[in-house]
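Residue numbers start from 1 in every chain, and the chains themselves are labelled A, B, ... in the order their sequence lines are given, proteins ahead of strands. In what follows, every heavy atom counts, from backbone to side chain, and hydrogens, waters and symmetry copies are set aside.
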Amino acid sequence: MTIVLNGEKVEINATSLNEVLSELGYSEAKVATAVNEEFVPETMRGGVILSDGDRLEILAPMQGG
Amino acid sequence: MGKQFYGTELKNPLMLGTAQYPSPSILADAFKMSGAGVATVSLRRESGSDRAGQEFWQLIKELNVPVLPNTAGCYTVKEAVTTAHMAREVFDTPWIKLEIIGHTDTLQPDVYGLVEGARILSEEGFQVFPYTTEDMVVAERLLEVGCEVLMPWGAPIGSGLGLNNEHGLRMLRAHFPDVPLVVDAGIGLPSQAAHAMELGYDAILLNTAVAKAGDPALMAKAFSDAICAGKAAFDADPMEPRDMAEPSTPVIGKAFL
């Protein structure tokens, strides 16, 4: 299915957020996630099933002032 | 002893941003040379496969200073609250520099959204550092909804103009003698930072003035020295200025020549 990852369309095979992160190579990364503009805590990722067209944000630590 | 920020005493009242440095090693040098007491950080999309965020996080951990995540770039309460949730998970801290922007040119805080966002986050257990104006009524509201620190701007973010409204900042200090106050944004020179500390402010948060200096590490050290000098000057209880001259050398005993 196609989801929108950080503003860009990507094709993925997995459906649960945990598996999607793993498929995208983020399983070990320090990131926070939001699906359709709602925060999904790390502990809840296994229970979130993505659908075609969902918007996934993966945020990481970055420089800030 | 300085005031505590939600129970934490800073080892240095310089809160230093981590953005816009020429390189990660220069960023690290700026922290080492200045001994800055807090590092401000942000959350952004992890782009492509370079995993820049992971490398940055490793660098920040090695600085060994408390981390203050921000909600920079948020224009709505919802955006800022969601960003705060994500930051709390990633950085593992209840601290959040709450920034809700109200105007794109001045980056002036939307103080109405700020009070609402601070209320929501305080109720959820966050320890909110609100980026606000020097408006005293807004400050009252922020304290009422749970903030224990206030961070009025000196001037617009990145402008380097210094303390645009010294009178307002003095009023805030006088009105809230026990609240930790931080001048956040607009500082361009160490003398401006020292001035804020001489007014009795408890810390200075800045980024651009250091990161955009020709020698960021040296400028960070200059800021740290100035901030510590300003704090010592306030603690030492400065003399009152007067309009007319007053001889410092005793007049009595002067020879008749």
Q. What is the minimum heavy-atom distance between A:Gly65 and B:Ala19, and which atoms define it?
A. N-CB, 4.4 Å
**Q.** Over 12 foreign heavy atoms within 6.0 Å of CG, A:Asp52
**A.** yes
Q) Could you give the distance from CD (B:Glu46) to CG (A:Leu5), rounded to the nearest 0.5 Å? A) 10.5 Å
**Q.** Max heavy-atom pair count under 4.5 Å with chain A, selected residue of B:Ala39, B:Gly17, B:Ser42, B:Ala185
**A.** B:Ser42
Q | Part of A:Glu37 within contact of chain B (heavy atom distance under 4.5 Å) | A | both
**Q.** Contacts with chain A made by residues 73-82 of chain B (heavy-atom distance under 4.5 Å), listed by residue number
**A.** B:Lys78, B:Thr82
**Q.** Residues, nucleotides or ligands: over 12 heavy atoms within 6.0 Å of B:Glu123 CD
**A.** yes
(Q) Nearest 0.5 angstrom please: B:Met86 CE to A:Glu57 CD, how far? (A) 7.0 Å
Q) Are B:Val90 and A:Pro61 side-chain neighbours, meaning at least one heavy-atom pair lies under 4.5 Å? A) yes
Q: Drop me the distance from B:Asn70's CG to A:Met62's CE, to the nearest 0.5 angstrom.
A: 12.0 Å
Q: Could you grab the distance from atom CZ of B:Arg45 to atom CG of A:Leu59, nearest 0.5 Å is fine?
A: 8.0 Å
**Q.** Spacing of A:Lys30 atom NZ and B:Glu89 atom CD [to the nearest 0.5 Å]
**A.** 8.0 Å
Q. Can you name the closest pair of heavy atoms from B:Gly53 and A:Ala60 and give their distance?
A. CA-CB, 4.1 Å
Q) Between A:Glu42 and B:Arg88, is there a salt bridge with N-O shorter than 4.0 Å? A) no
Q. For atom OH of B:Tyr112, is the number of surrounding heavy atoms from other residues, nucleotides or ligands below 6.0 Å larger than 12?
A. no
Q. Between B:Asp184, B:Ile157, B:Leu43, B:Thr83, which shows the greatest number of heavy-atom pairs under 4.5 Å with chain A?
A. B:Leu43
(Q) For a 4.5 angstrom cut-off between non-hydrogen side-chain atoms, does A:Gln63 reach B:Gln20? (A) no
(Q) Does atom CE (A:Met44) have a neighbourhood of more than 12 heavy atoms from anything else shown, all under 6.0 Å? (A) no
